Amino acid sequence: MKKIAIMTAGGDCAGLNSAIKAIVMTANTHGIETIGVTDGYIGFVEGNYIPLTVDTVRNIEIQGGTMLGSSNKECPFHYYNKKTGGFDDRTDEGIKKLRAQGVEGMVVVGGDGTLDSARVIFEHGMPTVGIPKTIDNDMSASEPTIGFQTAIEAAVEAIRRLITTAYSHRRVMVVELMGRTSGYLTLYAGFAAGADIILLPEHDYNLKAVCNRVDEIMKSGKRYVIIAISEAAKEEGGEETIAKLVKDSFEQKRYGGVSQKLAAQIEQLTGYETRATVLGHIQRGGEPTTQDIILGAQLGNAAAKLLIEGNPGYIVGMKGGKVQKVEFPKDRVPRLLDFEKDDLCKTARDMGIFLGVEE
Ligand code: F6P
C-alpha cells in the first residue's frame, strides 16, 4: 500500500483533527502517503483532495472542527442532483477518482450516516475503515464517540452562566441541547451543571409534573430552576419540535424550538418568569478537551494500522477503555439511552433530579 485517503463527514466536532493527525503520522511511519478528501462526501464525489504531510498536520490536534472540512447532507449512493431534483448513486465514480490518485485505502471519520456510506464504499471495493465521531454519542461502535466530551464541557460552561442570571432574577431557565434522538449530551451536561430537571428524548415528559416540580423548587426558596431539555424531547402524547427540513439532505430533520415551547407553557401554567436558551452549534465548536485529543489519536492510529495491515471493513471504537474493532453494521440505528437502566439516570433520580415523570 502506497497511498491512503482520509475523509471527515457529518456534523463536525472537536477531536477530528487529532484523528487526522494520527492517521497521517502513522501512515508516514510506515512510508505511506496520505491525501485528504475535502468537505466530506462532496469532495469524495467531485474528486477534491489536498495533500497531507507531517508538516501540514503539525499542532492541528488542538484546533476544533476539521481541517478537511465536512458536510452533513451528502450521501454518495443517494446524492442530490440539482438539475433533476432527484438522487443518484455516485459511489463508483468517487472510488474511481480516488484510484486515479493512486489511493488504495480510505479512513472515514463520521457519524452513523457517514459510516453507513463508508460501508457501501467498502462493499464497492475500496478498502475502508471507519472511526465514530459525534457530539450525540449515539453510536454503539464507540463509548464515548469523538467530540462528546468536548460538547459536554461547552454545554456545562454555558449552563453555569445561565445559573447566575437565573439566580439574580428568580427565573426558570429552560436550556435546549443537541443530540437528535439521543439524550446522552443533555443527561451528562445537565447533570454536571447541576440542572434541577432533565428532559430526554428517550422518555416523554409530563407537563403537569414538570410544572409541579418547578413550583416546589421555587417555593423551597431556591430562587431559580434550571431545566435541561434535549432538542428531540417531547411531551407525553405530543410531537417532536422540528426547526426545518433540509430538502437535499439524506437525513432531512433538523430539531429545534422545544425549549421556547416549554418555557412559554411553564410561564403560563406556573406564573414564574421563564426564559429559553438554545445552545445550538456552540456545543460543536471550540478546542477539544484532552480526552478528545487522546481518543481521536488512538482511534486514528488504530484505523490507519488496520488499513496498512490489509484488514479493512471495520469501525474502530473505544469500548470499556480499550480500542476495539467491529464490522460495519448493516443498519444505521442510533444508540439511545436506556432510561430505566442507565447508571447516570439512576444516580440523577436517586439525588432527586426530576427526569420528567413521577416514579
Ligand atoms: O449530529 C450532530 C448534530 O449536532 C445534532 O446534535 C444536531 O441535531 C444536528 O447535528 C444539527 O445539524 P446542523 O448542523 O445541520 O444544524
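Quantities reported herein were computed from a predicted structural model and do not represent experimental measurements. Counting convention: from 1, in listed order, for ligands and their atoms alike.
- Not a single N or O atom of Tyr255, backbone or side chain, sits closer than 3.5 Å to an N or O atom of ligand 1.
- Taking a 4.0 Å cut-off on heavy atoms, Gly111 fails to register as neighbouring ligand 1.
- Phe148 has its ring centre less than 6.0 Å from the ring centre of Tyr188.
- Cluster annotation: Ile198 is not connected to Val225 through the hydrophobic network of ILVMFWY side chains, with a link wherever side-chain heavy atoms come within less than 4.5 Å.
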Derivation of the salt bridge (Lys or Arg N to Asp or Glu O under 4.0 Å) call for Glu157 and Arg160
CA-CA 5 Å; Glu157 198 210 323; Arg160 286 191 183 140; over 6 Å; no
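- A salt bridge does not link Lys261 to Glu239: none of the charged nitrogens lies less than 4.0 Å from a carboxylate oxygen.
- Glu61 and Lys21 are joined by a salt bridge, as a carboxylate oxygen and a charged side-chain nitrogen come within less than 4.0 angstrom of each other.
- Using a 4.0 Å cut-off between heavy atoms, Val246 makes no contact with ligand 1 at all.
- A salt bridge links Lys219 with Asp215; the closest basic N to acidic carboxylate O contact falls under 4.0 Å.
- Proximity of Gln283 to ligand 1, defined as any heavy-atom pair under 4.0 Å, is not found for any part of the residue.
- The option with the heavy atom closest to atom 15 (O) of ligand 1, from among Lys244, Arg254, Lys73, is Arg254.
- Near Ile135, the atoms of ligand 1 lying under 4.0 angstrom from a non-hydrogen atom of the residue are 4 (O).
- Here is the list of ligand 1 atoms found below 4.0 Å of a heavy atom in Asn72: 12 (O), 13 (P), 14 (O), 15 (O).
- The cationic group of Lys330 does not satisfy the cation-pi geometry with Phe328, failing either the under 6.0 Å distance to the six-membered ring centre or the 45° limit from the ring axis.
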Please report the C-alpha distance between Lys2 and Glu104 in whole Å, then the side-chain angles of each, then the deciding distance to 0.1 Å, and finally whether the side-chain contact (heavy atoms from CB on, under 4.5 Å) criterion is met.
CA-CA 7 Å; Lys2 292 204 176 66; Glu104 294 167 86; 3.6 Å; yes
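- Of all the heavy atoms of Leu185, none lies under 4.0 Å from any atom of ligand 1, so neither backbone nor side chain is involved.
- When hydrogens are left out, the protein atom nearest atom 5 (C) of ligand 1 is Asp136 OD1, 3.5 Å; that is the closest non-hydrogen contact.
- Considering Met178, Glu231, His281 only, the shortest heavy-atom separation from atom 8 (O) of ligand 1 involves Glu231.
- The nearest heavy-atom contact from the protein to atom 9 (C) of ligand 1 is Arg284 NH1, 4.0 Å.
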